[in-house]
Amino acid sequence: MGPQSTPDLSAPPSPLSLSTIAVVGLGTMGTGIAEVLTRAGREVIGIDTDETAARQAVATLEAATARAVARERITERERQDILARFRTFTDLQAAADADLVIEVVPEDYELKRQVFAGLDAVVRADTILATGTNALSVTRLAADSQRPERVLGVHFFNPAPAMKLVEVVSSVLTAPTAITAVTELARDLGKDPIAVGDRPGFVADGLLFGYLNQAAAMYEARYATREDIDAAMRLGCGLPMGPLALLDLIGVDTARTVLEAMYAESQDRLHAPAPILGQLAEAGLTGRKAGRGFYTYDAPGSSTAVPDAESPATADELAAGRTVSSVGVAGSGTMASGIAEVFAKAGFKVVLAARSLEKAEKAKARIAKSLGRSVDKGRLTAEARDTTLASITPAGALEAFADVDLAVEAVAEDLAVKQELFRTLDKVCKPGAILATTTSSLPVVACARATSRPEDVIGMHFFNPAPAMKLVEVVRTVLTADDVHATVRAVCAKVRKHPVDCGDRAGFIVNALLFPYLNNAIKMVEEHYASLDDIDAAMKLGGGYPMGPFELLDVVGLDVSLAIEKVLHAEFRDPGLAPAPLLEHLVAAGCLGRKTGRGFREYARR
């Protein structure tokens with residue numbers, strides 16, 4: 001190509017000048033992108049070598065716009081205009097007049113290279129070429145292209161019409177004007193674009209797939225059931241979908257491809273695909289699209305999971321438990337008072353013991369304020385509040401637990417403190433009483449061994465705030481009796497909490513999956529790959545997370561987060577779990593998050 005063919009890059013095209021856009025690959029993502037573009041007034045050339053896929057794309061757009069008319073979001077005239085702007089072809093030659101081409105063919109480098117080579121031969125010199133990959137190298141595709149300065153990545157999220165995030169990916173070869181044009185186009189489409197560099201997974205998937213991989217490995221190790229892993233992350237973190245169900249939705253084979261690309265670059269064991277992903281993919285059990293993956297579905301493509309051989313046992317098949325009518329709660333902090341409130345509202349007699357009667361009475365006063373807020377909001381009657389408060393007896397010593405059926409400690413997260421408390425509980429609690437710890441990071445068995453009855457000891461990890469959070473991680477040690485486990489699960493149901501079973505190892509389910517994800521987000525900032533704001537936006541908009549990782553870290557407390565990450569690193573000995581130096585530096589500087597007014601961000605002091 002001679003110099004005269006080189007386009008003038010000095011003035012960026014406006015988003016309106018990208019009026020004709022070709023979409024190559026009319027699968028689910030390509031069809032969704034075409035819908036977004038046509039609705040925004042763009043002429044869209046849909047290209048797929050499979051005529052059936054092209055017809056299906058047209059049918060999908062017809063159905064989507066018909067629903068929009070039925071819901072009075074667009075008129076029938078507008079619908080007809082949208083449909084008229086979408087034309088389908090089976091040959092790349094149709095892209096000759098496009099201002100922008102977006103390829104979303106399957107994640108295979110050679111296939112994408114062939115598409116770009118074909119486009120090079122037919123499009124104008126100033127046409128922008130965008131790849132929709134989330135796993136392959138944009139830089140490599142650009143380098144193999146005749147016009148690398150015009151190649152970039154534009155990563156939509158599925159379903160494209162609904163998801164707001166678009167990652168605009170530049171390589172070292174990409175002209176800034178091309179990035180500007182596509183970024184402005186994304187905004188014109190009503191999306192929220194973030195600028196990222198070229199690395200596998202970019203921001204959202206780079207964080208998401210490491211987490212999904214760990215969840216798959218957790219399931220493969222038979223540490224917890226698929227149902228409990230998914231419920232733990234939905235209820236404990238507020239996620240819209242559990243990780244294993246999400247892997248089935250994404251496609252097990254697709255997830256494995258992304259992880260392989262991430263591992264090839266990072267060499268981080270956290271990105272090395274869990275063997276079960278390969279086993280399922282090789283067997284054709286790729287998730288919803290195949291009708292079976294981690295779960296079994298009633299038909300290929302269905303979202304309805306059906307019972308199979310791995311479905312959990314019914315309540316009738318579980319061991320019989322012990323009778324629990326009275327509960328002792330040890331501690332005077334927010335967690336202790338929250339747990340006491342939960343049990344009292346469920347009709348249990350509660351003894352709330354602290355280091356002094358004054359502290360116990362202050363904790364009960366905190367419960368009274370909490371119940372009062374519920375009354376003010378109409379969630380609780382004044383009579384129910386009074387009954388609940390009357391069932392709570394404050395005490396200044398653990399000797400008050402002499403007659404309780406279940407003792408739950410919620411004191412400081414310090415093993416020596418907890419062990420001393422369990423030695424005392426062993427002496428004062430009656431035979432047959434269940435002794436439970438709410439630890440989130442310490443070994444439950446270490447508390448059990450401090451007693452003469454380790455078979456009666458179990459973990460009950462409530463989440464803060466206990467009255468609102470539905471999840472309880474029920475942690476069995478190798479010594480916990482079956483009837484103790486059955487009793488605690490039954491008690492969880494009575495207090496309207498969802499119990500998930502897990503073994504006695506660091507992080508249990510939620511923290512073991514959550515904190516490596518948070519740590520990886522910090523590493524992205526350390527490497528200057530993306531900003532705090534872009535990472536938070538990516539996970540909220542692209543992953544449906546209720547909070548971005550840095551918002552969450554500041555709420556949890558950076559000191560608490562660092563302590564949990566150190567425990568995980570010490571237990572699993574994986575270099576990838578080592579706390580990010582930036583986190584350690586902030587904690588050393590006293591920047592602990594919202595509670596100190598400064599963490600990853602600064603907060604107005606109250």
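In this chain, residues are counted from 1 in sequence order.
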SB check Glu78 Arg39 (cutoff 4.0 Å): no
Salt bridge (Lys or Arg N to Asp or Glu O under 4.0 Å) involving Asp198 - partner list, sequence neighbours excluded: none
SB check Glu184 Arg187 (cutoff 4.0 Å): no
Test: Lys540 and Asp536 ion pair at under 4.0 Å: no
Tyr545 and Tyr211 aromatic ring geometry - parallel, tilted or perpendicular at 30°/60° bounds: perpendicular
Which atom of Ala538 lies closest to which atom of Ala204, heavy atoms considered: O-CB, 4.1 Å
Arg226 with Asp248: basic N within carboxylate O range, under 4.0 Å: no
More than 12 heavy atoms of other groups within 6.0 Å of Asp97 CG: no
Worked verdict on Asp188 versus Arg42 for salt bridge (Lys or Arg N to Asp or Glu O under 4.0 Å): CA-CA 11 Å; Asp188 195 57; Arg42 287 351 191 243; 2.9 Å; yes
Rounded distance [0.5 Å steps], CG in Leu185 versus CG in Leu18: 5.5 Å
Test side chain to side chain contact (heavy atoms under 4.5 Å, CB included) applied to Ala521 - qualifying residues, sequence neighbours left out: Leu207, Ile535, Pro549, Phe550
Qualifying residue for side chain to side chain contact (heavy atoms under 4.5 Å, CB included) with Cys237, from Leu552, Leu513, Leu514: Leu514
Any donor-acceptor N or O pair under 3.5 Å, side chains Glu103, Thr131: yes
Spatial distance of atom CZ (Arg67) from atom CZ (Arg71) [nearest 0.5 Å]: 6.0 Å
With sequence neighbours excluded, residues passing side chain to side chain contact (heavy atoms under 4.5 Å, CB included) with Ala130: Leu100, Ile102, Leu152, Val154
Val69 and Arg79, any side-chain heavy atoms less than 4.5 Å apart: yes
More than 12 heavy atoms from other groups under 6.0 Å of CZ on Arg222: yes
Beyond-backbone contact of Leu37 with Val23, side-chain heavy atoms, under 4.5 angstrom: yes
Carboxylate-amine/guanidinium contact Asp120 Arg147, below 4.0 Å: yes
Pair Asp230-Tyr295, side-chain donor/acceptor within less than 3.5 Å: yes
Side-chain touch Ile250/Leu212, heavy atoms, less than 4.5 angstrom: yes
Pair Asp533-Arg601, salt bridge (Lys or Arg N to Asp or Glu O under 4.0 Å): steps then yes or no: CA-CA 10 Å; Asp533 291 342; Arg601 294 185 174 90; 2.8 Å; yes
Crowding at CZ, Arg73 (>12 non-hydrogen neighbours, <6.0 Å): no
Heavy-atom closest contact (Leu61 atom, Glu35 atom, distance): CD1-CG, 3.7 Å
Identified side chain to side chain contact (heavy atoms under 4.5 Å, CB included) counterpart of Val105 within the set Val115, Ile47, Thr133, Asp48: Val115
Heavy-atom neighbours of Arg292 CZ exceed 12 at 6.0 Å: no
CD/Glu72: more than 12 non-hydrogen atoms of other groups inside 6.0 Å: no
Salt-bridge contact Lys289-Asp253 (side-chain N to carboxylate O under 4.0 Å): yes
Gln267 atom CD, over 12 foreign heavy atoms within 6.0 Å: yes
CG on Asp81 to OG1 on Thr65, rounded to 0.5 Å: 11.0 Å
Glu527/Arg199 under salt bridge (Lys or Arg N to Asp or Glu O under 4.0 Å): CA gap, chis, key distance, verdict: CA-CA 12 Å; Glu527 295 164 4; Arg199 66 188 243 182; 2.8 Å; yes
From CA spacing to verdict: salt bridge (Lys or Arg N to Asp or Glu O under 4.0 Å), Lys523, Glu526: CA-CA 5 Å; Lys523 291 177 183 177; Glu526 283 181 334; over 6 Å; no
Aromatic ring proximity Tyr223/Phe508, centre distance under 6.0 Å: no
